[in-house]
S.K.: 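Sharing a structure below in structure tokens format, with a few things to ask.
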2 protein chains.
Amino acid sequence: MTVHVAAMDIRERLARNLRLLRQEKGWSQEAFADEAGLHRTYISDLERGARNPTITVVDKLAIALGVTPGRLLD
Amino acid sequence: MTVHVAAMDIRERLARNLRLLRQEKGWSQEAFADEAGLHRTYISDLERGARNPTITVVDKLAIALGVTPGRLLD
DNA sequence: CTGTGACTGGGAGTCCGTG
DNA sequence: GCACGGACTCCCAGTCACA
């Protein structure tokens, strides 16, 4: 039971942080995707915790949102 | 000219943080690898900035070192 | 505007070795 | 103990059609 807890955790922390910070900016997922140089559907996946991104992707997201990478993961 | 600067940046920040924190613990790369549940050669690659890990790996590293994931990336 | 399944190429992560 | 290489498997990056 509860096999992959820790792994799910950090993805869901990222998911929550992304959605909140994006909404604070008043951006659609599509607008956010353009700012970060990523695809619209990829942002959707990230905000649902459905992907396990690399740190270079986290860096792009953080830069687009104007926060540190750590702010997205902690 | 300066094509992938940002991507290199975060990997090298991670590399530096990993090596410093590991040495503070007095661990070998192999001992660290065991603590984090990763392979010995992979730790070597990470500390040389030669790899682009996923956030689940960053989480494992952070837990092994007793710090937040953000502490490794910021 | 967003969620989701499916797809492909390339890279993440492991394991063997060497000096 | 560490850097580095080759080879392998599997999953991530990036995109599309459709609901």
Side-chain angles (χ1 to χ4, degrees), chain A residues 2-65 67 69-70 72-73, chain B residues 2-67 69-73:
Chain A
T2 67
V3 191
H4 22 287
V5 176
M8 299 293 280
D9 260 5
I10 193 167
R11 292 202 301 205
E12 286 180 5
R13 282 198 314 268
L14 175 67
R16 214 183 305 256
N17 288 329
L18 285 180
R19 181 153 295 186
L20 254 60
L21 290 169
R22 173 178 66 81
Q23 290 175 339
E24 280 181 13
K25 295 250 177 192
W27 287 345
S28 67
Q29 289 182 348
E30 193 163 6
F32 182 21
D34 290 343
E35 291 286 337
L38 295 169
H39 198 88
R40 198 205 95 226
T41 59
Y42 192 59
I43 299 291
S44 172
D45 286 350
L46 290 176
E47 289 193 359
R48 286 179 294 114
R51 295 252 188 170
N52 187 28
T54 58
I55 60 174
T56 59
V57 167
V58 174
D59 204 38
K60 287 185 185 177
L61 297 167
I63 291 172
L65 291 168
V67 298
L72 297 178
L73 299 182
Chain B
T2 68
V3 191
H4 12 290
V5 176
M8 300 293 279
D9 258 6
I10 193 167
R11 292 201 301 204
E12 286 178 6
R13 283 198 312 269
L14 175 65
R16 213 182 312 251
N17 288 329
L18 284 180
R19 180 153 297 186
L20 256 61
L21 290 168
R22 172 178 67 81
Q23 289 174 340
E24 281 181 13
K25 296 249 174 192
W27 288 344
S28 68
Q29 289 182 347
E30 192 163 6
F32 183 22
D34 290 343
E35 290 285 337
L38 295 169
H39 203 265
R40 128 187 103 73
T41 60
Y42 193 55
I43 299 290
S44 171
D45 287 349
L46 289 176
E47 288 192 0
R48 286 180 292 116
R51 294 263 187 165
N52 187 27
T54 58
I55 60 173
T56 58
V57 166
V58 174
D59 203 39
K60 287 184 184 176
L61 296 167
I63 291 171
L65 291 167
V67 299
R71 171 71 183 80
L72 296 179
L73 298 182

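A, B, ... follow the sequence lines: proteins, then strands. Residue 1 opens every chain.
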S.K.: Any N or O donor-acceptor pair under 3.5 Å from the base of dG3(C) to the side chain of R40(A)?
M.R.: yes
S.K.: Using whole Å, what does the distance between atom P of nucleotide dT15(D) and atom CG of D45(A) come to?
M.R.: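 Computing the D45(A):CG to dT15(D):P distance gives 13 Å.
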S.K.: Please report, rounded to the nearest Å, how far the P atom of dG14(D) is from the CG atom of L61(A).
M.R.: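 Computing the L61(A):CG to dG14(D):P distance gives 11 Å.
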S.K.: Got a sec: does the CD of E35(A) have more than 12 other heavy atoms crowding it under 6.0 Å?
M.R.: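 Result for CD/E35(A): enclosed.
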S.K.: Indicate, yes or no, whether a donor-acceptor pair under 3.5 Å links the base of dG13(C) to the side chain of R51(B).
M.R.: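 By the distance-only test, yes, there is a pair.
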S.K.: Quick check on dT4(C): is either OP1 or OP2 less than 4.0 Å from any side-chain nitrogen or oxygen of T41(A)?
M.R.: no
S.K.: Can you tell me the distance, in whole Å, between the CD1 atom of I55(B) and the C1' atom of dG11(C)?
M.R.: 17 Å
S.K.: Report the distance from atom CD of E30(B) to atom P of dC2(D), rounded to the nearest whole Å.
M.R.: 9 Å
S.K.: Of the candidate nucleotides dA13(D), dT4(C), dC2(D), which contains the atom at the shortest distance from the side chain of T54(A)?
M.R.: dA13(D)
S.K.: Would you kindly give the CZ-to-P distance between F32(B) and dG13(C), to the nearest whole Å?
M.R.: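 For the pair F32(B) CZ and dG13(C) P, the rounded distance is 14 Å.
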S.K.: Given side chains that start at C-beta, do those of L38(B) and L61(B) come closer than 4.5 Å, heavy atoms only?
M.R.: yes
S.K.: N52(A) side chain N/O closer than 4.0 Å to the phosphate oxygens (OP1, OP2) of dC12(D)?
M.R.: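 The answer is yes; a side-chain N or O of N52(A) sits under 4.0 Å from OP1 or OP2.
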S.K.: Would you say R48(A) places a side-chain N or O within less than 4.0 Å of OP1 or OP2 belonging to dT4(C)?
M.R.: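 So the side-chain polar atoms of R48(A) do come within 4.0 Å of the phosphate oxygens OP1 or OP2 of dT4(C), strictly under.
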S.K.: How long is the gap from CG on L14(B) to CD1 on I55(A), to the nearest 0.5 Å?
M.R.: 5.0 Å
S.K.: Could you work out which one of dA13(D), dT4(C), dG13(C) sits closest to the side chain of V57(B)?
M.R.: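 Nearest to the side-chain atoms of V57(B), counting from C-beta on, is dG13(C).
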S.K.: From the list dT14(C), dG3(C), dT15(D), which nucleotide is the closest neighbour of the side chain of Y42(A)?
M.R.: dT15(D)
S.K.: Taking only N and O in the side chain of R22(B), is any of them less than 4.0 Å away from OP1 or OP2 of dG1(D)?
M.R.: no
S.K.: Do R19(B) and Q29(B) have side-chain heavy atoms sitting under 4.5 Å apart?
M.R.: yes
S.K.: Please report, rounded to the nearest Å, how far the C1' atom of dC2(D) is from the CD atom of E47(B).
M.R.: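 Atom-to-atom, E47(B) to dC2(D), this comes out as 9 Å.
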S.K.: Taking OP1 and OP2 of dG3(C), is either one under 4.0 Å from a side-chain nitrogen or oxygen of S44(A)?
M.R.: yes
S.K.: It should be established whether H39(B) places a side-chain nitrogen or oxygen under 4.0 Å from OP1 or OP2 of nucleotide dG13(C).
M.R.: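 Checking H39(B) against dG13(C): no side-chain N or O falls below 4.0 Å of OP1 or OP2.
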S.K.: What is the distance, rounded to the nearest whole Å, between atom CG of L46(A) and atom P of dT4(C)?
M.R.: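 These atoms are roughly 14 Å apart.
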S.K.: Measuring only between side-chain heavy atoms, which start at C-beta, is L65(A) closer than 4.5 Å to W27(A)?
M.R.: yes
S.K.: Categorize L38(A) for me: base, sugar-phosphate, or nothing, with a 4.0 angstrom heavy-atom threshold over every strand shown.
M.R.: sugar-phosphate
S.K.: Before you tell me yes or no, could you show the steps for R22(A) and E47(A) under salt bridge (charged side-chain N to carboxylate O under 4.0 Å, His left out), namely the whole-Å CA-CA distance, both residues' side-chain angles and the distance that decides it to 0.1 Å?
M.R.: CA-CA 10 Å; R22(A) 173 178 66 81; E47(A) 289 193 359; 2.6 Å; yes
S.K.: Given atom CD1 of I43(B) and atom P of dA3(D), what is their separation to the nearest angstrom?
M.R.: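 So the CD1-P distance, I43(B) to dA3(D), works out to 11 Å.
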S.K.: Could you tell me whether the phosphate oxygens of dG3(C), OP1 or OP2, come under 4.0 Å of any side-chain nitrogen or oxygen in R19(A)?
M.R.: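 Looking at the OP1 and OP2 atoms of dG3(C), one of them is under 4.0 Å from a side-chain N or O of R19(A).
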